[in-house]
Amino acid sequence: MPFFLLIFLLSISATAIAIVIPSFSVWLLLSVPCAISSALLLARKWLRHPKNWAVIDGSNVMHWKDGEPSLDTVRDVVDALKQAGLTPGVVFDANVGYKVSDRYMRDTALALHLGLPKNRVMVAPKGVPADPYVLQVAKDYDATIVTNDRFRDWAEDYADVMKAKDPVRGGYKNGKLWLSLDRTAAVGKR
């Protein structure tokens with residue numbers, strides 16, 4: 001049970017008891033402000049965390065167009081996911097900057113290029129593959145994974161994630177992006 005929900009329920013219970021039993025009415029001075037504050041924090045948390053997350057394997061997706069690494073390709077996927085009503089985040093290997101600009105790039109610079117808030121872009125630490133981060137984000141946020149990778153090296157450690165949802169596959173056909181967002185239709189195919 002989330003902490004703020006527990007505080008809210010306790011505060012509401014204390015308020016109800018203080019109203020019903022007059023000798024506890026002094027507790028209204030504490031329980032009512034706690035109930036209001038925890039309700040506001042709960043509302044803020046629920047409104048700030050979209051329910052339809054998609055985590056993009058940026059190091060895989062950036063190679064979808066002609067096999068050449070490009071942040072524009074990732075940006076196209078971000079835009080398509082937004083159009084489809086998903087909230088995208090991106091995880092990259094540490095070498096992403098060297099592949100697209102011959103220098104190390106931090107999440108801030110990548111987020112700016114992709115049109116995403118900084119907290120939705122992650123660069124894995126040097127020497128650590130991004131794949132386990134992609135899978136952990138998918139697990140933590142119940143997110144759809146966008147990649148053509150099969151994650152064979154991680155299948156045993158993340159079996160629950162791999163079975164939960166089929167990844168969204170994609171690529172370019174005749175210069176247009178396509179994504180297999182569901183079995184009946186794909187974004188971009190027309």
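Positions are given from 1 along the sequence. Computed from a predicted model, the values in this text were never measured in an experiment.
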Partner set under salt bridge (charged side-chain N to carboxylate O under 4.0 Å, His left out) for Asp102, not counting sequence neighbours: none

More than 12 heavy atoms of other groups within 6.0 Å of Lys165 NZ: yes

Arg120 side chain reached by Thr87 side chain, heavy atoms, under 4.5 Å: yes

Residues Arg169, Val146; criterion side chain to side chain contact (heavy atoms under 4.5 Å, CB included); working and verdict: CA-CA 6 Å; Arg169 307 275 180 216; Val146 180; over 6 Å; no

CG-CG distance between Asp57 and Asn148, expressed to the nearest 0.5 angstrom: 9.0 Å

Pairs satisfying side-chain hydrogen bond (donor to acceptor under 3.5 Å, both in side chains), at least one member in residues 13-41, at least two apart: Thr15-Ser31

Shortest non-hydrogen contact from Ala18 toward Phe24: CB-O, 3.3 Å

Student check: side-chain heavy atoms of Trp154 and Val161 closer than 4.5 Å: no

Test side chain to side chain contact (heavy atoms under 4.5 Å, CB included) applied to Met105 - qualifying residues, sequence neighbours left out: Leu71, Val100, Ser101, Arg103, Ala109, Leu110

Connected via hydrophobic side-chain network under 4.5 Å: Leu30 and Leu28: no

Rounded distance [0.5 Å steps], NZ in Lys176 versus CG in Asn174: 9.5 Å

Closest non-hydrogen atom pair between Ala94 and Val123, with its separation: CA-CG1, 3.6 Å

Spacing of OG1 belonging to Thr147 relative to CG belonging to Asp131, to within rounding of 0.5 Å: 7.5 Å

Audit row: Tyr133, Val128, side chain to side chain contact (heavy atoms under 4.5 Å, CB included) steps and yes/no: CA-CA 9 Å; Tyr133 290 100; Val128 180; 3.6 Å; yes

Gap between atom CG of Asn60 and atom CZ of Arg150 - 0.5 Å precision: 10.5 Å

Cluster link Val20 to Val32, ILVMFWY, side chain under 4.5 Å: no

Test item: Leu177 and Lys65 side chains (from C-beta on) under 4.5 Å apart, heavy atoms: no

In one Ile/Leu/Val/Met/Phe/Trp/Tyr side-chain cluster, 4.5 Å: Ile7, Leu9: yes

Geometric class of the Trp53/Tyr141 ring pair [parallel <30°, tilted 30-60°, perpendicular >60°]: perpendicular

Heavy-atom side-chain contact between Val168 and Leu86 under 4.5 Å: no

For Asn95, side chain to side chain contact (heavy atoms under 4.5 Å, CB included) partners two or more places apart: Asp93, Lys99

Approximate separation, where rounding is to 0.5 Å, of Ile12 CD1 and Ile17 CD1: 11.5 Å

All side chain to side chain contact (heavy atoms under 4.5 Å, CB included) counterparts of Gln136, not counting sequence neighbours: Lys139, Asp140, Tyr158

His63 and Pro69, any side-chain heavy atoms less than 4.5 Å apart: yes

CG on Leu6 to CG on Leu10, rounded to 0.5 Å: 4.5 Å

Using distance only, find each side-chain donor-acceptor pair of residues 72-81 under 3.5 Å and give its atom names and separation, not counting sequence neighbours.
from: Asp72; atom 1: OD1; to: His113; atom 2: NE2; distance (Å): 3.1
from: Arg75; atom 1: NE; to: Asp79; atom 2: OD1; distance (Å): 3.3
from: Arg75; atom 1: NE; to: Leu114; atom 2: O; distance (Å): 3.4
from: Arg75; atom 1: NH1; to: His113; atom 2: O; distance (Å): 3.0
from: Asp76; atom 1: OD2; to: Tyr172; atom 2: OH; distance (Å): 2.5

Single-linkage hydrophobic cluster Tyr104~Val121, side-chain heavy atoms < 4.5 angstrom: yes

4.5 Å side-chain heavy-atom contact, Met122 and Asp107: no

